Asks: 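First the structure, then my questions, so here it is.
The model shown is predicted, which means the values in this text are computed figures rather than measured ones. Here is how names work: the chains are called A, B, and so on, in the same order as the sequence lines, proteins then strands, and each is numbered from 1.
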There are 2 protein chains.
Amino acid sequence: MSEDCDEPNQSQGGVAFLLAQLGAHAAARFADRVAELDLTPAQAGLLRMIAVSPGLSQQTYAARLGTPPSRFVVLVDTLQGRNLVERRRGSPDRRSYALHLTGDGERLMGEMGAVGMAHEGDLCAALTASERSALRGMLARIAEQQGLTPGVHPGYRRPAG
Amino acid sequence: MSEDCDEPNQSQGGVAFLLAQLGAHAAARFADRVAELDLTPAQAGLLRMIAVSPGLSQQTYAARLGTPPSRFVVLVDTLQGRNLVERRRGSPDRRSYALHLTGDGERLMGEMGAVGMAHEGDLCAALTASERSALRGMLARIAEQQGLTPGVHPGYRRPAG
DNA sequence: TATTGTTATACTCTATAACTATA
DNA sequence: TATAGTTATAGAGTATAACAATA
């Protein structure tokens with residue numbers, strides 16, 4: 001049951017199914033790991049987005065993540081309550097807030113980097129270094145051809161089915 | 001920004017993130033496709049499991065999928081109401097039900113096969129045939145090393161984070 | 001009047017646990 | 001009494017839409 005390529009019933013072993021299965025597994029394992037830093041995957045994703053592109057308005061981040069503003073507010077509330085993120089009033093337009101990481105937030109981002117490396121290594125344990133590189137290249141090509149935004153996980157939009 | 005291999009901030013382009021991102025995308029696209037057959041992904045998965053291993057008890061299917069019995073019952077109710085699945089009382093133990101596909105159910109499985117092929121082809125459009133084979137091989141090895149059950153999507157357990 | 005951020009409400013989905021019928 | 005299946009309830013998480021402040 002390894003090389004059945006043209007059988008109609010190959011769906012359970014096809015690339016599409018394996019991607020869905022492994023993707024859910026990777027997301028669940030990542031959730032386990034960031035839970036040790038008291039973060040949900042959504043919080044971790046937002047922290048990284050702020051680290052990469054700081055100082056934007058809440059609406060901008062929300063639009064990039066594809067999440068509605070109402071959900072975004074409570075996300076920021078929680079991170080601000082833990083002193084990881086800071087709201088600064090916009091200078092020309094005082095309705096908006098610009099988001100920045102605090103010192104604690106940047107420290108936590110450092111820990112998240114280590115967590116991400118460990119996650120990556122654990123997930124790719126079955127592959128050699130050159131295989132990982134080849135795999136990453138193919139996945140990136142698929143992602144680009146499918147029109148996915150780099151660095152944005154669709155989990156912000158809808159739950160899995 | 002293509003071959004940064006040792007940078008701590010490569011998480012957004014690493015294998016683990018790409019798997020999670022593409023997995024969610026593949027699952028969402030699959031949901032779109034089976035929705036045209038008026039099926040949810042969970043219903044489609046159960047139909048296929050019954051097709052592969054018919055005549056088992058509801059508890060057995062539920063345990064294999066990792067879903068609680070209460071959720072499983074309504075799943076079967078819906079499929080039975082559409083005359084796709086049949087409940088037959090167990091012969092030695094009349095408490096249990098053995099599940100089978102009806103004629104309509106088997107016909108629908110045929111359509112699902114076509115849907116799965118189209119889904120696979122669309123998702124792998126960026127790759128050559130030999131690349132698809134290499135990708136499938138690596139993904140299968142990762143799945144095995146990670147201890148995943150072949151053919152069972154973890155989406156039956158918990159929602160995505 | 002339009003827009004940023006916020007709050008309130010309603011809805012969907014899920015699991016835990018109580019219930020029935022057979023054993 | 002234990003087990004297969006079912007039903008009821010409660011909880012988490014989500015989005016839609018009404019609201020307050022600034023432009």
Asks: What is the distance, to the nearest angstrom, from the CG atom on B:Leu65 to the C1' atom on C:dA15?
Replies: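 Rounding to the nearest Å, CG of B:Leu65 and C1' of C:dA15 are 16 Å apart.
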
Asks: Taking 4.0 angstrom as the limit, do A:Asp77 and A:Arg82 come out as a salt bridge?
Replies: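 Looking at A:Asp77 and A:Arg82, the cut-off is not met.
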
Asks: Hey, does the side-chain of B:Arg71 have a donor or acceptor N/O within less than 3.5 Å of a partner on the base of C:dT14?
Replies: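 Result: no qualifying N/O pair found.
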
Asks: Assign each of A:Pro69 and A:Asp93 to its nearest nucleotide of DNA chain D by heavy atoms, then name whichever residue's nucleotide is nearer the 5' end.
Replies: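 Result of the comparison: A:Pro69.
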
Asks: With a 4.0 Å cut-off on N to O distance, would you call A:Glu131 and B:Arg141 a salt bridge?
Replies: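 Salt bridge between A:Glu131 and B:Arg141, a charged N being under 4.0 Å from a carboxylate O: yes.
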
Asks: Can you tell me how far P of C:dG5 sits from CZ of A:Arg88, to the nearest Å?
Replies: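 Rounded to the whole Å, the gap is 15 Å.
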
Asks: Under 6.0 Å from the six-membered ring centre of B:Tyr61 and within 45° of its axis: does the NZ or CZ of B:Arg71 meet both?
Replies: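 Here B:Arg71 fails the 6.0 Å and 45° test against B:Tyr61.
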
Asks: Side chain of A:Pro68: nearest nucleotide among C:dA17, D:dT16, C:dT6?
Replies: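 Taking heavy atoms from C-beta onward, the closest nucleotide is D:dT16.
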
Asks: Rounded to the nearest angstrom, tell me the gap between atom OH in B:Tyr97 and atom P in D:dT3.
Replies: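 Distance, rounded to whole Å: 20 Å.
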
Asks: With nearest nucleotide decided by heavy atoms, which residue, A:Val76 or B:Arg89, maps closer to the 5′ end of DNA chain C?
Replies: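 Nearest-nucleotide comparison on DNA chain C picks A:Val76.
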
Asks: Whole Å only: how far is the CD atom of A:Gln43 from the P atom of D:dG13?
Replies: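 Checked: the CD to P distance equals 11 Å.
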
Asks: Flag this pair as yes if the NZ/CZ of A:Arg88 is under 6.0 angstrom from the six-membered ring centre of A:Tyr97 and inside a 45 degree cone about the axis; otherwise no.
Replies: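 No cation-pi geometry.
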
Asks: Identify whether any heavy atom of B:Arg87 sits under 4.0 Å from a base atom; if not, whether one sits that close to sugar-phosphate; answer base, sugar-phosphate or nothing.
Replies: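 Sugar-phosphate only.
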
Asks: Starting at CD of A:Gln59 and ending at P of D:dA23, how long is that distance when rounded to a whole Å?
Replies: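 My rounded result for the distance is 15 Å.
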
Asks: What is the distance from CZ of B:Arg95 to C1' of D:dA2, rounded to the nearest Å?
Replies: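 Roughly 8 Å, once rounded to whole Å.
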
Asks: Return the value, rounded to whole Å, for the distance between atom CG of A:Leu99 and atom P of C:dT4.
Replies: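 In whole Å, C:dT4 P lies 14 Å from A:Leu99 CG.
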
Asks: What contact category does B:Phe72 fall into here, base, sugar-phosphate, or nothing, at under 4.0 angstrom with non-hydrogen atoms?
Replies: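 If one applies the 4.0 Å heavy-atom cut-off, B:Phe72 turns out to touch nothing in the nucleic acid.
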
Asks: Rounded off to whole Å, could you give me the CD-to-P distance for the A:Gln58 and C:dG5 pair?
Replies: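 Interatomic distance, CD of A:Gln58 to P of C:dG5: 5 Å.
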
Asks: Check whether any side-chain heavy atom of B:Thr78 sits under 4.5 Å from a side-chain heavy atom of B:Leu84, and report yes or no.
Replies: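 Contact flag for B:Thr78/B:Leu84 side chains = no.
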
Asks: Ignoring hydrogens and angles, are the base of C:dT16 and the side chain of B:Ser70 linked by a donor-acceptor pair under 3.5 Å?
Replies: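 Yes, a donor-acceptor pair under 3.5 Å.
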
Asks: Looking only at side-chain atoms of B:Arg94, point me to the closest of D:dT6, C:dT6, C:dT22.
Replies: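 Among D:dT6, C:dT6, C:dT22, the one nearest the side chain of B:Arg94 is C:dT22.
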
